[in-house]
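Worksheet: the structure to be examined is printed underneath.
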Amino acid sequence: MGELSRLPAAAAASLAPLLAVAGAATAAGLHAGVTTPFSCAFARPWASCGFTAQAMSPDRITEVEAGGVRGVRLETLPGDERIAGSGGAERADLALSPGETGCSQGAEQWWTHSLLFPDDYTLPVVSRADPWPWGVVFDFHHTGAEGQANYQIQVAGKPPELQLAISGGPVVSNGAPGSPTRRFSVGPVVKNHWYQFVYHIRWSPDGDGFFDAWVDGKRVADYRGPTLYAGQGCYLKLANYHTPVGKPVAVVHARLRRAASESGLGLAGLP
């Protein structure tokens, strides 16, 4: 399938008790080998969808409406560092558990989500400390302690552009040049535009995995190969994770859905 039939054009650990999820209101995971549906429209607080927060403060994460679409805004302020292993990078993320994400070996899934860069999103900035700056705005993060996420949407390069990056197999990639990470260009970041991402994935640490990706209806990745690291699973993250830029940085996420088929995503019903 080359083009999708219908898509729009257009805690820190110390905060864990405060930010702990109240419980997942929508089912997720695997049952009898079939991926159960998952949907989060952010019409209710984000915790009701089963997310936990990785942020300096609860006020970094807010429900908003942008262009008539309900979503969740993730904002970082200068100094939002050393959060959930971020080191000197700044982070405000929302994470689902591996069980809720359901990316176990052999699982086949369809996902869709929307992403907007508002006016106060700032591109990564080259500095003496960060000669190769980057930002991550969505990922399927591996369950190990180190290495590149199995999949991530990143803003990187010179000049910075929107990219997809896929990693998996027997060696945990560090994402550096020459590593097993594969990258796919999407193009320059466009602000105040609702990007619509769609994925068809088979999770596997072996050669039978695949990851197909569409952005605004256009196929941008047709990857065949490992999508997990050997002996690991993964979990979904709505992200705002980046090298410091000396300013507040915000991104907005919306319309997160998972299904066992393309038709199950309900893409035709999206505005």
Side-chain angles (χ1 to χ4, degrees), residues 11 21 24 26-31 33-40 46 49-54 74 83-86 89 91-113 115 134-154 163-175 179-184 197-214 221-241 253 256-260 265:
V21 62
T26 53
L30 296 175
H31 178 67
V34 178
T35 303
T36 59
F38 176 93
S39 179
C40 186
W46 53 263
C49 292
F51 289 107
T52 55
Q54 298 173 341
L74 306 181
I83 298 166
S86 67
R91 163 174 277 160
D93 292 358
L94 288 176
L96 288 175
S97 71
E100 291 171 322
T101 303
C103 61
S104 58
Q105 182 171 351
E108 188 172 330
Q109 301 178 328
W110 284 83
W111 286 91
T112 185
H113 67 98
L115 173 68
W134 50 265
V136 175
V137 292
F138 180 96
D139 55 296
F140 288 103
H141 198 286
H142 59 294
T143 53
E146 297 180 349
Q148 185 91 349
N150 295 123
Y151 168 79
Q152 64 186 34
I153 303 173
Q154 61 189 31
Q163 303 173 350
L164 313 183
I166 300 172
S167 305
V171 176
V172 177
S173 176
N174 62 8
S179 72
T181 297
R182 292 277 306 278
R183 294 178 176 83
F184 302 84
F197 293 84
V198 175
Y199 312 126
H200 184 202
I201 313 163
R202 189 175 194 275
W203 296 110
S204 175
D206 303 314
D208 59 345
F210 62 78
F211 202 113
D212 295 327
W214 294 261
D222 180 6
Y223 169 81
R224 298 296 180 269
T227 52
L228 293 173
Y229 295 125
Q232 297 190 35
C234 75
Y235 58 100
L236 181 148
K237 297 186 76 174
L238 306 179
N240 182 10
Y241 176 40
H253 296 271
L256 177 65
R257 299 179 182 177
R258 182 189 63 220
L265 293 177

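This structure is a prediction, so every number in the text was calculated from the model and none was measured.
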Practice prompt. Answer yes or no: is there an ion pair linking Arg202 with Asp212, defined by an N-O contact shorter than 4.0 Å?
Written response: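 The answer is no: the pair does not qualify as a salt bridge.
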Practice prompt. Test side chain to side chain contact (heavy atoms under 4.5 Å, CB included) on Arg257 and Trp110 and set out the steps.
Written response: CA-CA 8 Å; Arg257 299 179 182 177; Trp110 284 83; over 6 Å; no
From [atom1] ([X]) to [atom2] ([Y]), nearest 0.5 Å:
{"X": "Leu238", "Y": "Phe51", "atom1": "CG", "atom2": "CZ", "answer": "4.0 Å"}
{"X": "Gln232", "Y": "Thr143", "atom1": "CD", "atom2": "OG1", "answer": "4.5 Å"}
{"X": "Gln109", "Y": "Ile201", "atom1": "CD", "atom2": "CD1", "answer": "6.0 Å"}
{"X": "Leu96", "Y": "Thr101", "atom1": "CG", "atom2": "OG1", "answer": "4.5 Å"}
{"X": "Ile153", "Y": "Gln163", "atom1": "CD1", "atom2": "CD", "answer": "11.5 Å"}
{"X": "Trp111", "Y": "Leu256", "atom1": "CH2", "atom2": "CG", "answer": "5.5 Å"}

Kindly list each side-chain donor-acceptor pair under 3.5 angstrom involving residues 164-172, sequence neighbours excluded, with atom names and distances?
residue : atom : partner : partner atom : Å
Ser167  : OG   : Thr181  : OG1          : 2.7

Worksheet item: Do Thr227 and Asn150 touch side chain to side chain, with heavy atoms closer than 4.5 Å?
Response: no
Worksheet item: Does His253 reach the side chain of Asn240, with side-chain heavy atoms less than 4.5 Å apart?
Response: no
Response to the item:
In Tyr235, Trp203, Tyr229, the residue satisfying ring pair (Phe, Tyr, Trp, His ring centres under 6.0 Å) with Phe140 is Trp203
Discussion item. Which residues pass the side-chain contact (heavy atoms from CB on, under 4.5 Å) test with Ala89, not counting sequence neighbours?
Written reply: Trp134, Tyr241
Quick check: closest heavy atoms across [X] and [Y], and the distance to 0.1 Å?
{"X": "Ala84", "Y": "Arg91", "result": "O-NH1, 2.7 Å"}
{"X": "Phe138", "Y": "His113", "result": "CD1-CE1, 3.5 Å"}
{"X": "Asp93", "Y": "Leu74", "result": "CA-CD1, 4.3 Å"}
{"X": "Cys103", "Y": "Gly233", "result": "SG-C, 4.2 Å"}
{"X": "Phe197", "Y": "Thr112", "result": "O-OG1, 2.9 Å"}
{"X": "Ser173", "Y": "Gly175", "result": "OG-N, 3.0 Å"}

Worksheet item: Taking the side chain from His142 and the backbone from Gln148, do they hold a donor-acceptor pair closer than 3.5 Å?
Response: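 Such a contact is found between His142 side chain and Gln148 backbone.
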Practice prompt. Evaluate the side chain to side chain donor-acceptor pair (under 3.5 Å) criterion for residues His141 and Gln152: first the C-alpha distance (whole Å), next the side-chain angles of each, then the deciding distance (0.1 Å), finally the verdict.
Written response: CA-CA 8 Å; His141 198 286; Gln152 64 186 34; over 6 Å; no
Worksheet entry | Mutual orientation of the aromatic rings belonging to Phe211 and Tyr199 [parallel < 30°, tilted 30-60°, perpendicular > 60°] | tilted
